[in-house]
K.L.:
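What follows is a structure written as structure tokens; I'll ask about it next.
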Amino acid sequence: MLTQAAEDYLKSIYKLQEKGGKVSTGNLAEYLDVKPSSATGMIKKLKTMKLVSHERYQGVTLTDAGKTIALEIIRHHRLLELYLFKALGVPWDGVHEEAEKLEHVISEDMEARMDAFLGYPTEDPHGSPIPDKNGVVLKAPSVQMTDLNNGQSCVVAEVSDDDSALLRHLGSFSLYPGTAFRVIEVAPFEGPFTIDIAGQQVVIGREVAKHIFVNNIEETDNV
Ligand SMILES: [Zn+2]
């Protein structure tokens, strides 16, 4: 049995690897908000358990066994988020925090029942892919909203799930996965985005736009 902390490390390494680039003990400590010495200690333990490898120039990487556990926890997390959202009516900015705790304790039976109840879903309420029970993740390609230009229309694919204030902000504009919008203007010098959502003009700051991923991008005539 792994501790919850160990599971959180494996999950975090997976997520940092997914973002691309090398995972160092330093950025892992920063991501998990722990002291670098704690991260170093945990990495040593996980290495002994053959769940991670740690090479000087490659940083920390998951072994196949480590990746299997990380995906299992992420599957729990995302199924729980969707279950809390759909079955219990927990708002989309509140599900992440609950799922962070429950992801470590639910049984395989509970996981299978939630999966069936929800109709074998492939995405959580924030648009993140739910790994299937074999750990297969199907992720449709998307781009960061900050890459959009004037006149482009698109559909929200995914938003960051772990900042409830940000999610409330996005929710106030109905910027949920599946929502279509069009870029009216990108202000120069790294300025904000003015967008049109169902006929309503909304200004989205660049810091916020970094947390929004979109697809189905099309050029439109800017009127
Ligand atoms: Zn979450």
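Both counts, for ligands and for their atoms, begin at 1 and track the order of listing. Atom set for the values below is all heavy atoms of this structure, side chains included, hydrogens, waters and symmetry mates excluded.
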K.L.:
Got a salt bridge between E103 and K11, using NZ or NE/NH1/NH2 to carboxylate O under 4.0 Å?
P.N.:
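Counted as a salt bridge, because a side-chain N and a carboxylate O are separated by less than 4.0 Å.
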
K.L.:
Does K210 pair with E207 as a salt bridge, N-O distance under 4.0 Å?
P.N.:
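Here K210 pairs with E207 in a salt bridge, since their nearest N and O are under 4.0 Å apart.
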
K.L.:
State whether D161 contributes an N/O/S atom found under 2.8 Å from the Zn ion (ligand 1).
P.N.:
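Looking at D161, which is the residue asked about, there is an N, O or S atom under 2.8 Å from the Zn ion (ligand 1).
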
K.L.:
Atom NZ of residue position K44 - does it have more than 12 heavy atoms of other residues, nucleotides or ligands inside 6.0 Å?
P.N.:
no

K.L.:
More than 12 heavy atoms of other residues, nucleotides or ligands under 6.0 Å from CZ of R113: yes or no?
P.N.:
no

K.L.:
Kindly report the NE2-the Zn ion (ligand 1)-ND1 angle for H77 and H96 respectively, rounded to 10°.
P.N.:
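Between NE2 of H77 and ND1 of H96, the angle at the Zn ion (ligand 1) is about 100°.
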
K.L.:
Decide, counting backbone as well as side-chain atoms, whether E81 has an N, O or S atom less than 2.8 Å from the Zn ion (ligand 1).
P.N.:
yes

